[in-house]
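All ligand and atom numbering here is 1-based and tracks the order in the structure.
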Amino acid sequence: MKKYIILSVIIVAIGLIISGCGKKQKPMDLYDMVLDRGKIVVGVKEDAKPFGFLNSNEEYEGFDIDLAKQIAKEIFGDENAIEFVPVNASNRIMLLNSGQADMIIATMTITSQRAAVVDFSVPYYYTGQTLLLNKKSSISTLTDNNLKKVGVIFGSTAEKMVRMAIPQCMITGYKTYTDAVTALKENEIDAIATDEAILFGITMDDKSLKIINAPKYSKEPYGIAFRKGEETKRLRTIIDKIITDMNDDGRLNSMKRKWLK
Ligand code: GLU
């Protein structure tokens, strides 16, 4: 009798192992996962005022931060049900795709190249690229002969845009906006190229710098990035609806007035 019981236990165990091995585990739906966890993990910038930056109390603030809070409020009824993870232009896709964030809200332009590796929400903000100069600079056009060296942030869309718009210039990459601004002020470069909205944030704090008085040379619609796939689709659809509602009821506009006066 004992022999039979042991044998049946072994058979059942083998059966369970075989059936378990045969099945490919379906990744858990991101929306369910976020609800279970009770908070969303959002990758944000910490040096891109007025979108994502750390204030004097080391708290995250800005347009992207307010958007994340509105999303948390809609999902959990609590705008603080968020964990912020700092990202920059060169590591945000890697951090997202390795599961370290549920989504990225970090001045990220929707491009077809990026859309091959991540899924984007509907756009929530529109800007375009231009140049930051020292206030005393005489440069006034993209074809100016004095515009020889332009700084960009690694991993941003600026490198490609500058190559197209200012083909005569030499491009230098920087990891952070702080590093690029230091280089500009020390005349290592003649200009910094990035989104006008970010340059606007830099000039808010530093009156020795100015934005060139020339038309923007690119279009940069900002979107929230998600990992590609079925498991993120439900959360993305819910967030698309939140953004559309915020656009329709004026919340996005009042955020623009608050941060980009
Ligand atoms: N919006 C541009 C981009 O996505 C530049 C700003 C940034 O690096 O986030 O590349």
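- Partners of Arg251 by side chain to side chain donor-acceptor pair (under 3.5 Å), not counting sequence neighbours, listed by chain and number: Gln70, Glu74, Asp249.
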For ligand 1, list every N/O pair with the protein closer than 3.5 Å, one pair per line with the distance.
| unit_1 | atom_1 | unit_2 | atom_2 | d |
| --- | --- | --- | --- | --- |
| ligand 1 | 1 (N) | Thr107 | O | 2.8 |
| ligand 1 | 1 (N) | Thr109 | OG1 | 2.7 |
| ligand 1 | 1 (N) | Asp195 | OD2 | 2.5 |
| ligand 1 | 4 (O) | Arg92 | NH2 | 3.1 |
| ligand 1 | 4 (O) | Thr107 | O | 3.3 |
| ligand 1 | 4 (O) | Thr109 | N | 2.9 |
| ligand 1 | 4 (O) | Thr109 | OG1 | 3.4 |
| ligand 1 | 4 (O) | Arg114 | NH1 | 2.8 |
| ligand 1 | 9 (O) | Lys45 | NZ | 2.7 |
| ligand 1 | 9 (O) | Arg92 | NH1 | 2.7 |
| ligand 1 | 9 (O) | Arg92 | NH2 | 3.4 |
| ligand 1 | 9 (O) | Thr107 | O | 3.1 |
| ligand 1 | 9 (O) | Thr107 | OG1 | 2.6 |
| ligand 1 | 10 (O) | Arg92 | NH2 | 3.3 |
| ligand 1 | 10 (O) | Arg114 | NH2 | 2.9 |
| ligand 1 | 10 (O) | Thr157 | N | 2.7 |
| ligand 1 | 10 (O) | Thr157 | OG1 | 3.3 |

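- Lys233 has no carboxylate O lying under 4.0 Å from a charged side-chain N of Asp29, or vice versa, which leaves the two without a salt bridge.
- A salt bridge links Lys228 and Asp119; the closest N-O separation between the charged side-chain nitrogens and carboxylate oxygens is under 4.0 Å.
- In this pair, Tyr222 and Tyr125 present their aromatic rings tilted. The plane angle is within the 30 to 60° band.
- Using a cutoff of 4.0 Å between basic side-chain nitrogens and carboxylate oxygens, Asp245 and Lys241 are scored as salt-bridged.
- Under 4.0 Å is where a charged nitrogen must lie from a carboxylate oxygen, and between Lys73 and Asp78 no such pair does.
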